[in-house]
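This report concerns only the one structure given below.
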Amino acid sequence: MVDLGLSRITGSALYVWRRNWDAFIKTYRVNFIPPFVEPLLYLLALGYGLGAFVEAIDGIPYPQYIAPALVSISVMYSAFFECTYSSFVRMYYQKTFDAIIAAPLSIEDVIAGEILWGATRGTIYATLMLPVLIAFGVVDLPTSFLLIPFALPAGLLFACIGMCFTAITPGIDALNYPSFLFITPMFLFSGTFFPLDILPEQVQYFAIAFLPLTHVVNVNRAITLTAFSPFVLFSLVWIGVVTVIFFVIALRLMRRRLIV
Amino acid sequence: MYSHLRRDSISDVIVAESLEKRFDDVVAVDRIDFAVREGEIFGFLGPNGAGKTTTMKMIQCVSPKTAGTLRVFGMDVSTRPRQIKQHLGVVPQENNLDPDFTAYQNLTIYARYFGIPRKTAEERAEELLDFMQLREKSDVLIDKLSGGMKRRLIIARALVNDPELLILDEPTIGLDPQARHLIWEKLKEIQAQGNTQVMTTHYLDEAARLCDRLVIMDHGKILVEGSPGSLISEYAGTDIVEADSTPQVMACLDAIGASYDAVGDVVQVFTGRPHDVVRALMESCSHEKVLARPATLEDVFLKLTGRTLRE
């Protein structure tokens, strides 16, 4: 049987998650600002500012159209950046991973804990954004509460992908490549602020095949508009499969990097 | 203390046989054998790149061995790392305290990695802060601690799981004499409680003072093994006489038939009868800069590993 490293993950991974939770809570004031401020700014500037010039998209007013995208983007950013820049700082500069694996934890425990934490952070942000969106009346209730549980798998997806980059990056500056060449284009071209179907067909297929945010936005939009279709099911399967693949790759790359 | 662990022999905590570690084409540890007995402080000495830290990391179960056997508490490092690490305390060469937390939290959070319940962890953290004289630094963030305090805290952290075996990779590196003496005192206290310790150090006075037995390594191999005293008497004799390296001095020494080594601008005579050598030098050469001193571990070290600078 192929050794995927999964057998070396134990419940001790939760101690790593807990360490990051403790650090997050210590600085909660700073950490809680973005999820409140971001949706406010985007909704005002894009939803109502730019949105004043935009006709309803498929019969949906513009603020309502972008609301689920704002949650998706926030989950993507928080999980991806947590498992790239922040994890890299802990791994490389603070030597926290080295310290932890001297205790009875495997490197797989550490990476699993870090990824779970990245996803948790995404979930916290989605949870904090929701009241703002509800206050603006741009999301359906009560279905929109589903944004919270769905933020966890969505966060896991971006956390796993981020961790793969962290495992191969030569230094912290090189993490700018995936940030600008992968995350930023996704932010714009995943059906976030305009529908995919105005793009050339090939680009649409590319987005559906390779851009994770496309699927997260698709699911979140179905949730906030209470409009579920078979495509949502496809997105969920896509997210599940890709998450598992990148999780296994992240474990493997990290073992190769750190266990010499 | 750890009768629940299956052991090869009651007296050997670590047993290595033909232990080998390769990095691609480089042989870092070249089929070494050693055994560390329960309750002793065992030292690994050697120049940079000798393979000391690599050996430590294999014992800690964080770096897999390439070949040979390595058993800690009678357990194979490659199959039972978690069980071994549960009873290990590690003081790494590089400080890796968690800068996001205070001194106290560093201990309680580290205790959590061992599955120690919160209440026990908190009591233990208090005890250890007292023991390492860090009580008043309890709520201070790591960045605000001095080098000596960080080192003391990292030793406290290594003790948080009440380990049977402590692994110390250059425990007093870069510390002032006061801090070093405090750490030596504490390590001796810990040993007196029945703890076994394995350490690497570049400070040969530290090794001579602390280690019951030690090995000197170079190029991945163990050159010699023994107690500091026995190694000194075997490889450096009891005393050393040093004098300026001049033709007269060398002539004098040749005349009395003493063998000497020229080291830079000094000649060294390894001898069991320093008075005779000194008298001969004083009388025949009327030389001023003659020094007789006891042989040290440093003399053994330099004799065995040479004086070439290592990177």
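Residue numbers begin at 1 in each chain, while the letters A, B, ... track the order of the sequences. Both backbone and side-chain heavy atoms feed into the values below; hydrogens, waters and symmetry mates do not.
Only the side chain of B:V90 comes within contact range of chain A, judged by heavy atoms closer than 4.5 Å. Heavy-atom distances place the side chain of A:D109, and not its backbone, under 4.5 Å from chain B. The part of B:L97 that comes within reach of chain A is its backbone (N, CA, C, O), which places non-hydrogen atoms under 4.5 angstrom from that chain. In this structure, the portions of A:R18 lying under 4.5 Å from any heavy atom of chain B include both its backbone and its side chain. Heavy atoms of A:T27 lying under 4.5 Å from chain B are absent altogether. Interface remark: B:T102 contributes backbone and side-chain atoms alike to the contact with chain A (heavy atom separation under 4.5 Å). For B:K21, the part sitting under 4.5 Å from any heavy atom of chain A is the side chain, from C-beta outward, and nothing else. For B:I109, the part lying under 4.5 angstrom from a heavy atom of chain A is the side chain only.
Listed for the B:K85 side chain is no donor-acceptor partner under 3.5 Å among the backbone atoms of A:S106. When atom types are taken as modelled, the side chain of B:Y110 and the backbone of A:A99 share a donor-acceptor pair closer than 3.5 angstrom.
The side-chain heavy atoms of B:Y113 and A:S12, taken from C-beta on, include no pair separated by under 4.5 Å.
To the nearest 0.5 Å, atom CZ of residue A:R90 and atom CG of residue B:D98 are 9.0 Å apart.
The shortest heavy-atom contact between A:I259 and B:P64 is CG2-CD, 3.5 Å.
Counting non-hydrogen atoms of other residues, nucleotides and ligands closer than 6.0 Å to CZ of B:F23 gives a total above 12.
Ranked by non-hydrogen atom pairs under 4.5 Å with chain B, the options A:D22, A:V16, A:L14 are led by A:D22. Ranking A:D98, A:T96, A:L105 against chain B, the residue ahead of the rest is A:L105, based on heavy-atom pairs under 4.5 Å. Top candidate by heavy-atom pairs under 4.5 Å with chain A, chosen from B:A158, B:P99, B:P81, is B:P99.
At a threshold of 4.0 Å, the pair B:D100-A:R19 counts as salt-bridged, since one of the basic side-chain nitrogens sits closer than that to a carboxylate oxygen.
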